[in-house]
Structure formats: C-alpha cells, structure tokens
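Let me begin by presenting the structure, written as structure tokens, before commenting on it.
None of the values given here were measured: they were computed from a predicted structure. One is the number of the first residue; the rest follow in order along the sequence.
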Amino acid sequence: MINNYFIILASGQSKRFNSAKQKQFIKYKNRALFEHSILKGVKSKLFKKIILVINNKNKIKKKYSKDVLIIKGGKERSDSSLIALKYIKKFKPGNVLIHDAARPDFSIKLLFNIIKNLKKNQAVIPYLKAKDTVKYKIKNEYYNLQRNNSLLTQTPQGFKFNKLFNLSIKNKNKITDEATLFINNNEKVKFIKGEILNNKITFKEDIKINKIYYGIGFDIHRLIKDKKLYLGGIKIPFHSGLKGHSDGDVIIHSVIDSLLGAMRKKDIGSIFPDNQKKFKNIRSSKMLKTVIEMLNKNNLYINNLDINLICEQPKVSIYRDRIIKSLTSLLDIDRGIINLKGKTVEKLGLIGKEKAIACEVICSISE
Ligand code: ZN
C-alpha cells in the first residue's frame, strides 16, 4: 500500500512579488497558484494525504477531495515545513514530498519519478544545470561558480519521512529547501533530472508569460461600380469596388476587429465612428496603424492570423502573395504567421452574384 504524503508550502510572504494580492491567491492559468499543485497531487493518486500549508486558510472557500488537508503555516518556510511534518507524524508516513506552491508547472511524471527513486534513496532532489554563469560574493570579493558544477534545485523534493523529520527537528538555521538539511548534515542525496518548465513564480513578471488571447473579426461590404477595390491594403483591378465610409477593405476591417477582440477593446466602429467626417474615405491601412500602435503600447504581439476571404471573384490564388506581403508590412510581422484562404459561396446570394465581398479573421496575440 502506498504510504506517500505530499506537503505543499504556500505560506510564503512573497516579498519579491510586487503585488497587493498575496502571490498564492493570484490567478495563474485561471486558478490560484497553489491549486495547480493540489490538483496534480490528487490526479496522480500517489498520496494518502495532501497537506496545503497556508497562512490565511479562511480565504479558501473551495472544497477539495477529503484527502486534502489545509493547515496554517509559520513565519519562515522552514517553520511551515516543520509544522506540516509534525502534523502528519501521526499518520506514520513512509515517504514525504515537499513542494513550493510557487512552482505550478511540474508534471505528474516527475512525482512518479521521485517516488520511484525513493525506493533506494532517502532524499531525491530534481535539479537543472545552470544556464547562466553564477557569481557569488563574500565580503567585497566576487567568485565564479563553475557552471558545469552548478546545480539549480527544484521542488517537489522527496524524502524518507523519518530521516527528514529527525533532521528538521534538530535544525536551527533558516533554510530555503529541505535538500539543504541533508547536504549540511553530510547525508546522501540522489539528484534526478528536473524539468525546464517547472519554473518558480517569484516576480509578477513571471506570471505574464504565456498569456494568449484570441480574437475574431467579420466584415462584409457591397460592391459598387466606379469605386476602386482594395483588399488587404492593395489595389486590385476589378469591375467594382467596395462601398463604405472608408475604402471598404474587408480584409483589413476584419483583421482590425479580430485584434480589437483579442485586446478586449470593443470594435472598429467604437474607435473609428462612421459618423465622423475625419474618417470619411480614410484608407483602412491608416486605421490598422492606429490598432497596431494600441498593440505595441500594451506590449502585445501577434502569434498568428488566419483569414477567410469570401467571394466569387477576384480569385484569391492570383493575389494571395501580394495581399500577404502587404499585410506583412502593415502589421510588421513575418509572413509565416499569416494564412489567407479563398472561399466561394457556389454563386449563392449577394456574394455569389458578385454584389458583395465578406471576410472573417481569427487572430491570436500574447503579452
Ligand atoms: Zn468594413
């Protein structure tokens, strides 16, 4: 029978995390930071009990499985860890894994790997080799650590419960992980390969990475004689042009709406109202420029754009390269992230009779 326990430490003061809200309660991938670790622990089915150590346990309203216990932590990390170890002693644990809730992205595979290695070891520590060259300072002298010999340790860290308990009880020093206890006491530690994605969220900026937003845009304009046809910012020889307050460029208008959607900034009409004279006959490329400035101002960049141009004529295949080239330069992005598809409507309706052209766009952007 498994006799593993999982301690999740979430009572840190997050001094380096510059935010009014406590780091543990910040939403990351739609969940409080600590919740990722709880759910992975539960899903792995490796643990008899999962203990969340947190200072303001009253703030947790959500109900987890009955094997998840929530206890109050101490002032320092080592205090919280010891409180949890004392708390689970009555269960007579075999193995205990200790984990910092600030690392939400470890894999369940890593949990299995640690427990497997605990069969023959008393302490199992995941690590990565340092990518950067680390210097350290003693008084006013600087020293280099040899990069190949520098290990960056992660959590979860796995231990034989009794061994860790005895070392923790005796410990008087402030420690930042339990591996330190073993190393300081010349106890053997088994290092295993950690995970690159198992990053620690320390600064507010760490959480901003990876956010992706999607936006959708749609537009349709009537074709009328005696007007030039603009699609994707280029002039295309055709029997008619698109009617509209501006040049009627359905591709650019849809691109704009999709980008505004992804930015959660309403729609094209709220930014360029068509009852305003200054936008009359405006080239759509100019409107797009304004939207790109909004993107840049908010530190957002485009991941990709997928465009459906819906018309019988002109044939997209003839103009695809030129349209993509034009959008590439208007948006200042690589052409590899734009896709343009042509779609006819089997001669049905207004579009089928070449009386209108429509376009839809999906985009994805990131911070
Ligand atoms: Zn339009």
Judged by modelled atom types alone, do Asp247 and Ser284 share a side-chain donor-acceptor pair under 3.5 Å? yes
Enclosure of Arg222 CZ (heavy-atom neighbours >12, cutoff 6.0 Å): no
Of His221, Lys286, His253, the residue whose pairing with Ser246 passes side chain to side chain donor-acceptor pair (under 3.5 Å): His253
Give me the one residue out of Tyr87, Phe47, Phe91 that meets ring pair (Phe, Tyr, Trp, His ring centres under 6.0 Å) with Tyr5. Phe91
Hey, are Asn55 and Ser11 close enough side-chain-wise for a donor-acceptor pair under 3.5 Å? no
Check this for me, if you would: do Asp321 and Arg335 make a salt bridge, where the nitrogen-to-carboxylate-oxygen distance has to be below 4.0 angstrom? yes
Flag the pair Asp105 and Lys29 as a salt bridge only when some basic side-chain nitrogen lies within less than 4.0 angstrom of an acidic carboxylate oxygen. yes
Lys343, NZ: over 12 other non-hydrogen atoms inside 6.0 angstrom: no
Less than 3.5 Å apart, any donor N or O on the side chain of Glu367 or Asn299 sitting next to an acceptor on the other? no
Is there a donor in the side chain of Tyr64 and an acceptor in the side chain of Glu35, or the other way round, less than 3.5 Å apart? yes
Checking side-chain polar atoms at under 3.5 Å, does Asn166 have a donor or acceptor matched by the opposite partner on Asn162? no
Under the side chain to side chain contact (heavy atoms under 4.5 Å, CB included) rule, what do Ser81 and Ile98 come out as? Steps first, then yes or no, please. CA-CA 8 Å; Ser81 158; Ile98 300 200; 3.8 Å; yes
Checking side chain to side chain contact (heavy atoms under 4.5 Å, CB included) for the pair Val250/Leu231: CA distance, chi angles, key distance, verdict? CA-CA 7 Å; Val250 285; Leu231 287 175; 3.7 Å; yes
For His36 and Ala32 the tightest heavy-atom approach is CD2-O, 3.6 Å
Got a salt bridge between Glu312 and Lys353, using NZ or NE/NH1/NH2 to carboxylate O under 4.0 Å? no
Nearest non-hydrogen partners of Gly232 and Leu330, listed with the distance: O-CD1, 4.2 Å
Can Gln154 and Glu195 be counted as having a side-chain donor-acceptor contact under 3.5 angstrom? no
Of all heavy-atom pairs between Gly352 and Val345, which one has the smallest distance, and what is that distance? N-CG2, 3.5 Å
Tell me, please, whether Phe6 has Lys49 positioned over its six-membered ring: NZ or CZ under 6.0 Å from the ring centre and within 45 degrees of its axis? no
Given the rule in the side chain to side chain contact (heavy atoms under 4.5 Å, CB included) test, do Arg31 and Leu39 qualify, once you have shown the distances and angles that lead to the verdict? CA-CA 10 Å; Arg31 299 185 186 288; Leu39 295 179; 3.6 Å; yes
Give a yes-or-no answer on whether the side chains of Gln157 and His99 include a donor-acceptor pair shorter than 3.5 Å. no
Would you kindly check if the NZ (Lys) or CZ (Arg) of Lys135 is within the cone defined by 45 degrees around the ring axis of Tyr143 and under 6.0 Å from the six-membered ring centre? no
With side chain to side chain contact (heavy atoms under 4.5 Å, CB included) as the criterion, how do Ile310 and Glu360 come out once you've worked through the C-alpha distance, each side chain's angles and the decisive distance to 0.1 Å? CA-CA 8 Å; Ile310 307 160; Glu360 55 189 3; 4.3 Å; yes
Can you establish whether the number of heavy atoms outside Lys341 located under 6.0 Å from its atom NZ is more than 12? yes
For Ser168 and Asn171, which I'm curious about, is there any donor-acceptor pair between the side chains at under 3.5 Å? no
Any side-chain donor-acceptor pair under 3.5 Å between Asn144 and Thr133? no
Are more than 12 heavy atoms, taken from residues, nucleotides or ligands other than Glu293, located less than 6.0 Å from that residue's CD atom? yes
